[in-house]
Amino acid sequence: MSENGCIFCKIASGEIGAEVVHDEEGVLAFVDIDGKAPVHVLVIPKEHVSSLEEVGRLPAGVVKRILEVAQEVAEKMDVAGSGYAFRINNGRDAGQEVFHLHAHVMGGRKMGMP
Ligand code: 5GP
Ligand code: ZN
């Protein structure tokens with residue numbers, strides 16, 4: 001299910017372009033438009049859920065694949081060896097801007113805690 005006006009639903013459906021790194025049935029990974037690290041990729045479920053608050057709506061296999069795809073993307077982008085941050089901004093205090101669940105995969109430099 002997609003949600004009207006959701007930018008990541010539009011990317012998932014192909015309505016809006018993105019630099020896709022990985023594409024499979026339930027999960028998409030694409031380069032962040034405003035990268036905060038040399039490697040900055042977003043991994044999303046194609047189905048719309050706004051945040052971790054709704055993660056229970058996703059099939060368990062999709063949730064698992066988000067984690068596995070993060071690692072696969074890190075390998076593809078050559079940061080798996082050096083390490084990378086896997087981060088989900090959830091809600092206001094975390095600075096979540098796009099309310100379609102997404103995980104950031106960031107690497108290529110030291111990624112400290114904020
Ligand atoms: P959040 O703070 O919600 O976790 O992060 C949202 C991320 O989505 C930001 O890093 C932002 O640069 C990225 N972003 C927002 N709009 C677009 C877009 O249209 N395309 C791509 N590729 N990334 C986007
Ligand atoms: Zn969405």
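Every number for a ligand or one of its atoms is a count from 1 in the order of the listing.
- At a heavy-atom distance under 4.0 Å, only backbone atoms of V31 (N, CA, C or O) approach ligand 1.
- Ligand-side atoms of ligand 1 in range of F30: 21 (C), 22 (N), range being under 4.0 angstrom from any heavy atom.
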Would you please test R65 and E72 for side-chain contact (heavy atoms from CB on, under 4.5 Å) and show each step?
CA-CA 10 Å; R65 281 302 293 155; E72 288 166 21; 3.0 Å; yes
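- Centred on the Zn ion (ligand 2), the SG atom of C9 and the SG atom of C6 lie at an angle of 110°, reported to 10°.
- For H48 atom ND1 and H100 atom ND1, the angle they make at the Zn ion (ligand 2) is roughly 110°, to 10 degrees.
- Within a 6.0 Å radius of NZ in K36, other residues, nucleotides and ligands contribute more than 12 heavy atoms.
- With hydrophobic clusters built from ILVMFWY side chains whose heavy atoms lie under 4.5 angstrom apart, V62 shares a cluster with L67.
- Enclosure of atom CD in E24 by more than 12 non-hydrogen atoms of other residues, nucleotides or ligands within 6.0 angstrom is indicated.
- For ligand 1, the polar-atom distance check finds an N/O of I33 within less than 3.5 Å of one of the ligand's N/O atoms.
- Within ligand 1, the atoms closer than 4.0 Å to a non-hydrogen atom of L42 are 8 (O), 13 (C), numbered from 1 in the order shown.
- At a threshold of 4.5 Å between side-chain heavy atoms, the hydrophobic network of Ile, Leu, Val, Met, Phe, Trp and Tyr places L28 and L101 in two separate groups.
- For atom 15 (C) of ligand 1, the closest non-hydrogen atom on the protein side is V98 CG2, 4.0 Å.
- Although no hydrogens or angles enter the test, the distance criterion places no donor-acceptor pair under 3.5 Å between the side chain of E68 and the main chain of A70.
- Contacts between I7 and ligand 1 below 4.0 angstrom, taking non-hydrogen atoms only, involve the side chain exclusively.
- Looking at ligand 1, you'll find an N or O of H102 within less than 3.5 Å of one of its N or O atoms.
- Proximity of I11 to ligand 1 is established by a heavy-atom distance of less than 4.0 Å.
- For A18, the heavy-atom gap to ligand 1 stays at 4.0 angstrom or more.
- Of all atoms in ligand 1, numbered sequentially from 1 with element shown, those under 4.0 Å from a heavy atom of K36 are 9 (C), 10 (O), 12 (O).
- For atom 3 (O) of ligand 1, the nearest non-hydrogen atom from the set K10, E97, R87 comes from E97.
- In this structure, E19 falls outside the shell of residues with a heavy atom less than 4.0 angstrom from ligand 1.
- Heavy-atom contacts from other residues, nucleotides or ligands closer than 6.0 Å to CZ of R57 number 12 or fewer.
- Both L58 and I88 are members of a single hydrophobic cluster when ILVMFWY side chains are connected at heavy-atom separations under 4.5 Å.
- The local environment of CG in D23 is crowded, with over 12 non-hydrogen atoms from other residues, nucleotides or ligands closer than 6.0 Å.
- Using a 4.0 Å cut-off between heavy atoms, F8 contacts ligand 1 through its side chain alone, with no backbone atom that close.
- Follow the hydrophobic side-chain contacts under 4.5 Å out from V21 and you reach V105 in the same cluster.
- The nearest protein atom to atom 2 (O) of ligand 1, hydrogens excluded, is given as G95 O, 3.0 Å; this is a heavy-atom distance.
- Regarding atom 10 (O) of ligand 1, its nearest protein heavy-atom neighbour is D32 OD2, 2.5 Å.
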Could you go step by step and tell me if H40 and V31 meet the side-chain contact (heavy atoms from CB on, under 4.5 Å) rule?
CA-CA 6 Å; H40 190 168; V31 175; 5.9 Å; no
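- Of all atoms in ligand 1, listed by their number and element, those nearer than 4.0 Å to a heavy atom of D34 are 12 (O).
- Of all atoms in ligand 1, numbered sequentially from 1 with element shown, those under 4.0 Å from a heavy atom of N89 are 1 (P), 2 (O), 4 (O).
- The Q96 neighbourhood of ligand 1 comprises atoms 2 (O), 3 (O), with distances under 4.0 Å to a heavy atom of that residue.
- Proximity of the aromatic rings of H102 and H100 is defined here by a centroid distance below 6.0 angstrom, and this criterion is not met.
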